[in-house]
Amino acid sequence: MTAIETKERLTPGPASSAMLWEYAPSLESTDHVKVASRYNLFIGGQFVEPHSKRWFETINPSTEETLAEIAEADAEDVDRAVGEARRAYDKVWRKISPSERAKYIFRIARLIQEKSRALAIVETMNGGKPIKESRDIDIPLSAAHFFYYAGWADKLEYAFPNRTVSSIGVAGQIIPWNFPLLMAAWKLAPALAAGNTIVLKPAETTSLTSMLLAEIIQEADLPPGVVNIITGAGGTGAALVSHPDVDKIAFTGSTEVGKRIQRSIAGSKKRLTLELGGKAPNIVFEDAPLDQAIEGIINGIYFNQGHVCCAGSRLFVQESIVEPVIRKLRDRITTLRVGNPLDKNTDIGAINSRAQLEKIRELVESGVEEGAEMYQSSCTLPARGFWFAPTFFTGVSQSSRIAQEEIFGPVLSILTFRTPEEAIEKANNTPYGLSAGVWTEKGSRILKMVSKLRAGVIWANTYNKFDPASPFGGYKESGFGREGGLHGLAPYVKLS
Ligand code: NDP
């Protein structure tokens with residue numbers, strides 16, 4: 001029996017009182033947003049046709065409609081982009097005064113704010129995430145990252161006191177599809193502030209806001225070649241990684257590709273930072289404020305359809321409160337509104353791609369086959385597009401695939417524990433080490449847990465809080481290096 005067939009049997013009945021709350025549609029208008037029919041590569045401050053003379057379609061995952069054609073950069077285009085970045089580094093950017101650099105970065109931040117509505121709509125159309133998330137989180141945080149690092153550009157000697165600080169050179173940056181504009185901001189802002197030039201490659205399925213960012217960079221009058229944006233698939237990224245004139249690679253994406261990149265540049269002088277996958281424990285103790293914890297669990301796993309590297313995808317509940325936690329979660333997931341991402345009431349949008357949907361389905365089926373019990377919201381899913389109802393599993397064993405592998409979808413695995421020591425042991429039993437959550441009333445317990453959990457970011461009595469001033473990054477197979485905050489500058493400077 002497949003997971004999807006099993007759904008009928010295991011789906012709880014509609015939460016009676018919650019289902020009475022009908023929301024009228026509240027669609028964000030797209031009339032004023034201009035998406036071009038075709039986007040070229042942004043190299044040397046200009047939009048240029050790809051050497052390959054090939055373009056691929058980018059779609060709206062909630063409707064499967066084509067939005068635009070995106071250029072596919074080949075090795076020659078990568079070479080051209082790196083050449084422009086090198087020229088801009090040698091002739092302009094490394095020589096410009098730090099306060100001038102700050103002004104450009106500040107200008108990019110202001111332009112993002114100015115165009116935030118259009119950026120949010122395009123992010124939602126191209127990626128499938130709810131408009132309330134792109135509008136309230138992705139776009140404002142992107143602007144905030146540029147503002148924050150604009151502030152550091154002329155204060156590097158304070159960031160690294162008693163050291164001589166210099167830039168590195170040309171950075172090759174590769175980003176994923178889950179937070180397209182935000183990941184571009186995380187990468188570009190510190191690199192620019194530290195005086196480097198850049199070749200950025202967005203993910204194949206979500207290139208559109210990067211192209212809008214290229215237009216913003218042009219409008220901000222950044223010297224040509226300081227930022228180059230080349231689109232394409234994995235091959236384009238691989239060509240960027242192997243280019244001999246790139247000094248640093250910054251990659252966010254899957255652990256598998258991260259390892260491949262690390263192997264491919266071993267022995268070269270290239271610097272590397274990797275922000276990879278996760279399988280975060282979200283640990284709820286019996287003294288936790290339960291209703292707040294439920295909201296934290298929901299936010300931890302269903303935010304952005306669970307396409308989040310730091311998602312709280314393994315829930316550890318103290319045995320004494322398992323029953324109320326599961327009951328409350330069952331009720332709460334039936335109230336999550338799944339549907340048109342452009343509707344301001346939507347909580348869960350479309351899965352980013354057909355390939356990702358198939359991966360989620362396959363892992364969910366493996367959970368059912370391995371004997372876990374599945375609960376799925378009884379929501380109606382739209383007929384077209386890629387969708388997956390919010391789901392959680394109980395009775396999950398430590399060794400099962402849904403407790404070990406990153407699902408990267410709206411699927412939660414629930415496990416239990418009796419003592420803090422058991423929670424720590426189980427939480428750390430993963431190849432990953434990106435993030436964790438702890439819910440308890442006791443401050444001393446929080447301090448004990450955070451000192452023992454092997455995770456780069458740990459939230460206490462909250463989840464998924466991001467700030468440009470806070471470093472983010474992982475241990476073990478979640479990668480190395482930090483983005484955000486003062487730590488985020490370090491990979492982009494030479495210290496002597
Ligand atoms: P990938 O790691 O394949 O993609 C991330 C970025 O790397 C994309 O821009 C991709 O291009 C590019 N890329 C792919 N292959 C290479 C290569 N050999 N050399 C250089 N760059 C390359 O992730 P996927 O998009 O395929 O997602 C697969 C899984 O990765 C997800 O299910 C999820 O588990 C995990 N993931 C984790 C993320 C995180 O934030 N930690 C983010 C995204 C995914 P292109 O998209 O064009 O293929």
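A quick note: this is a predicted structure, and the numbers were derived from the prediction, not measured. When a ligand or atom number is given, it counts from 1 through the structure's own listing order.
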**Fill in**
Counting from 1 in the order shown, the ligand 1 atoms closer than 4.0 Å to a non-hydrogen atom of T252 are 5 (C), 40 (O)
**Request:** Taking the six-membered ring of F417 (Phe, Tyr or Trp), confirm whether the NZ or CZ of R314 is under 6.0 Å from its centre and within 45° of its axis.
**Result:** no
**Prompt:** Side chains of E133 and N304: does their closest heavy-atom pair fall under 4.5 Å?
**Reply:** yes
**Prompt:** So is there a nitrogen or oxygen of T205 less than 3.5 Å from a nitrogen or oxygen in ligand 1?
**Reply:** no
**Request:** Could you tell me whether the side chain of E275 reaches within less than 4.5 Å of the side chain of F472, counting heavy atoms only?
**Result:** yes
**Request:** Examine the proximity of ligand 1 to K359 and report which part, side chain or backbone, both or neither, has a heavy atom under 4.0 Å away.
**Result:** side chain
**Message:** For atom 10 (C) of ligand 1, which of the options Q356, E406, K201, E405 provides the nearest non-hydrogen atom?
**Reply:** K201
**Item:** Ring center gap for Y104 and W93 short of 6.0 angstrom
**Value:** yes
**Asked** Relative to the heavy atoms of N178, which atoms of ligand 1 are at a distance of less than 4.0 Å?
**Response** 40 (O), 42 (C)
**Message:** Using heavy-atom distances only, which candidate in P176, G306, C309 approaches atom 39 (C) of ligand 1 most closely?
**Reply:** C309
**Message:** Using a 4.0 Å cutoff against the non-hydrogen atoms of G277, which atoms of ligand 1 qualify?
**Reply:** 41 (N)
**Asked** Non-hydrogen atoms of P202 versus ligand 1: any pair closer than 4.0 Å?
**Response** yes
**Request:** May I ask you to test the N178-F408 pair for a side-chain heavy-atom distance under 4.5 Å?
**Result:** yes
**Request:** Find out whether the Lys NZ or Arg CZ of K426 is both under 6.0 angstrom from the six-membered ring centre of F316 and within 45° of the ring's axis.
**Result:** no
**Face-on cation placement of R354 at F386 ring, 6.0 Å and 45° thresholds** = no
**Message:** Can you name the atoms of ligand 1, numbered from 1 with element, that are less than 4.0 Å from a heavy atom of E204?
**Reply:** 45 (P), 46 (O), 47 (O), 48 (O)
**Item:** Spatial distance of atom CD (E72) from atom CZ (R54) [nearest 0.5 Å]
**Value:** 4.5 Å
**Message:** Taking the ring centre of each residue, are Y149 and W186 less than 6.0 Å apart?
**Reply:** no
**Location of contacts on H307 toward ligand 1, heavy atoms closer than 4.0 Å** = neither
**Request:** Look at the side chain of Y302 and the backbone N and O of T391, then say whether any donor-acceptor pair between them is shorter than 3.5 Å.
**Result:** yes
**Message:** Counting only heavy atoms, tell me which of Y432, F408, F251 gets closest to atom 33 (C) of ligand 1.
**Reply:** F408
**Message:** Side chain or backbone, does I261 bring an N or O within less than 3.5 Å of an N or O on ligand 1?
**Reply:** no
**Request:** Anything under 30° is parallel, anything over 60° is perpendicular, the rest tilted; go ahead and classify F303 against F179.
**Result:** tilted
**Request:** For residues W459 and Y463, establish whether the separation of their ring centroids is below 6.0 Å.
**Result:** yes
**Request:** Measure the distance from atom 18 (N) of ligand 1 to every protein heavy atom, then report the residue, atom name and distance (to 0.1 Å) of the closest one.
**Result:** R260 NH1, 3.6 Å
**Fill in**
Nearest non-hydrogen contact to atom 27 (O) of ligand 1 from the set F56, F179, W177 belongs to W177
**Message:** So, regarding I175 and ligand 1 (criterion: nitrogen or oxygen to nitrogen or oxygen, under 3.5 Å), is there a contact or not?
**Reply:** yes
**Prompt:** Would you say atom 1 (P) of ligand 1 has a protein heavy atom nearer than 4.0 Å?
**Reply:** yes
**Prompt:** Among protein heavy atoms, which lies nearest atom 29 (C) of ligand 1, and at what distance?
**Reply:** S254 CB, 3.8 Å
**Message:** As a check for students: among G234, P180, G237, identify the option with a heavy atom nearest to atom 13 (N) of ligand 1.
**Reply:** G234
**Item:** Member of E369, E406, E362 meeting the salt bridge (charged side-chain N to carboxylate O under 4.0 Å, His left out) criterion with R401
**Value:** E362
**Asked** Is there a protein heavy atom less than 4.0 Å away from atom 21 (N) of ligand 1?
**Response** yes
**Request:** State if G235 counts as touching ligand 1 under the rule of any non-hydrogen atom under 4.0 Å.
**Result:** no
**Prompt:** What residue and atom, counting heavy atoms only, is the protein's closest point to atom 12 (C) of ligand 1, and at what distance?
**Reply:** I174 CG2, 3.7 Å
**Prompt:** Does any N or O atom in L276 lie less than 3.5 angstrom from one in ligand 1, N or O only?
**Reply:** yes
